[in-house]
Amino acid sequence: MESPQLSSLYQQLILEHYRNPRNKAELDEKTVEIHMANPVCGDEIRLQLRIEGDQIADAKFIGSGCSISQAAVSMMTTRLEGASLDEADALAVRFTEMMHGDDSAAKDKSLGDLRALQGVSKFPVRIKCALLGFDALQEALKKEAEDVGGEPN
Amino acid sequence: MTSEDFDPNRIRKDFPALDQTVNGKPLVYLDNAATSQKPRRVLDAIHNYYEQDNANVHRGIHELSRRATVAYEEAREKVAGWINASDPSECVWTRGTTEAINLVSVAWGLDHVGEGDEILISVMEHHSNIVPWQILAARTKAKLRYIEIDDDGRLVLDDLGSLLNERTKVVAISHVSNSLGTINPVKEITEAAHAVGAVVMIDGAQGAVHTKVDVQDLDCDFYAFGGHKMCGPTGIGVLWGRKELLEVMSPFQGGGEMIHIVERDQSSWARVPNKFEAGTPNIVGAVGMGAAVDYLNDIGIERIEAHEREIMTYALQQLGEVPGVKIYGPKSVDEHSAVISFTMGDAHPHDISTILDMEGVAVRAGHHCAQLVMKHFDVSATARASFYLYSTKEDVDRLVAGLDQVAAIFN
């Protein structure tokens, strides 16, 4: 098997997000917060969303971990502000497909900067790092759906 | 003793797994604190056992069962010799160090620790020497107390006297830290613990690998260690315990092998150590661990220790010169066994490990099952390079060269 190249993993854009993460702050008026950790390696994030109606009005996170996990969640938050809940879910599904080696997902412009993480799919042990933020997002969307569904009207 | 006549390059030839390339580069295996590679002699012993002697132990009258039983009990004598136990029946086979500690926390702990009693462990412990005691404390309403560590990763023992009192029932301490490499003064701790009547359990998962262990000299009550970090197979380990303690302890698990007579409403127990070996044991694991002890004895633990010291001295010096590298644990090799935990600038340890892996260098990254240690140093993870008898200075050089790659990407 040919070895994957490190340069495909550590793209400048990823390192740039790692050094200067976007939306890394406490969100004062959050409506949902998900704490997600990878107990094996210690990567950890708290994803905070303010959801208004069926839209994500704001997305922030607090976290620590490797460059892949932190860059992925940083990039993810930049795509979430103003997105509908359906769009956010579609983004998570598409990104997960890309991580599992789906080439059409890797060319999908809807992923924006997140496509820089395509190389992670060639490093199987690091895929879980890239998915940490999106796992938290899907958990948040699930929780939101349950909360809304649970209300009397 | 010097390591003059000790040639790691000759020893490497005994280990088939070391002779391979990873990502196109010759493998440099520096994850020995997680598990060691296995010499041909151990692999052959496992293979030959299954091919020639395989049968269940202590059950049959037939020839194969006799051979299997002899092999299993001879292995027990070998591991007893490894730690200078006076009687092989004080060595109980377990699944590993973790199970050995759990055996003590349950089979001894539940009968001897009660409400208001104290259990003393340290911040440095592997999770396997923390969590069983937390569970015991919760079940018995006992109090769990900690020996702290200082900024060089050593136990703070100045106030040991105030941590020990007549309520202290058990002190459980690692011989050598898996995350920091610190060699602990377990003999002194044992003496202080015994002075207040506490029982002492030593986690020797790393200790029995890197240093000569003499349980009679240490004077501890329990010593636990496993096979796979010392050239043996996974899934086998040993609990050594003082005979008089093992004899009065309740069983750990019930089943075949551990009984004397079974009646409708009650049973009586087999003698020590069989009392603690319910079910068909890991016979081949024991045979493999015995072969590992033979292999290591032929080389000599003193020579292995001297070699590791030389490698550690070199590694601490070389790694210490890499810009941005911060090393955790004691500065002196007298107190620092074959493990180096480090971080490097703002490169996360996972990223360090991935980059090194692409250079063929295997290190561990993470919290090393020692989250309390990580918390003490305010890091979420470290990278860890750990050495063994087959490690060479060239391995250290390859590690340092790999770190140049880390610097190239992250600086």
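It should be emphasised that the depicted structure is a prediction, and the values quoted were computed from it without experimental measurement.
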(message) Once rounded to the nearest 0.5 Å, what's the spacing between atom CD1 of B:Ile352 and atom SG of A:Cys66?
(response)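 Atom-to-atom, B:Ile352:CD1 and A:Cys66:SG are 11.5 Å apart.
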(message) To the nearest 0.5 Å, what is the distance between CD1 on B:Ile409 and CD on A:Gln11?
(response)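 Reported value, rounded in 0.5 Å steps: 11.5 Å.
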(message) Counting heavy-atom pairs under 4.5 Å with chain B, which one of A:Glu44, A:Arg19, A:Gln70 comes out on top?
(response)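 The option with the most such pairs is A:Arg19.
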Check this for me: [X], atom [atom1], are more than 12 non-hydrogen atoms of other residues, nucleotides or ligands nearer than 6.0 Å?
X: B:Glu321; atom1: CD; result: yes
X: A:Asn20; atom1: CG; result: yes
X: B:Arg145; atom1: CZ; result: yes
X: B:Gln20; atom1: CD; result: yes

(message) Quick check: do A:Asp43 and B:His348 have side-chain heavy atoms less than 4.5 Å from each other?
(response)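 In contact.
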(message) Do B:Asp357 and A:Phe123 make a side-chain contact, defined as non-hydrogen atoms from C-beta onward lying under 4.5 Å apart?
(response)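 Heavy-atom side-chain distance check fails, nothing below 4.5 Å.
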(message) Please classify the contact between B:Ala381 and chain A as side chain, backbone, both or neither, with a heavy-atom cut-off of under 4.5 Å.
(response)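 When you check distances to chain A, only side chain atoms of B:Ala381 fall under 4.5 Å.
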(message) Strictly distance-based, threshold 3.5 Å: is any side-chain N or O of A:Tyr18 a donor or acceptor partner for the main-chain N or O of B:Asp346?
(response)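 Present.
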(message) Can you give me the closest heavy-atom contact between A:Arg126 and B:His350, atom names plus distance?
(response)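 Closest approach of A:Arg126 to B:His350: NH1-O, 3.2 Å.
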(message) At a 4.5 Å cut-off on heavy atoms, which part of A:Ser64 comes close to chain B: side chain, backbone, both, or neither?
(response)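 For A:Ser64, the side chain is the part near chain B, not the backbone.
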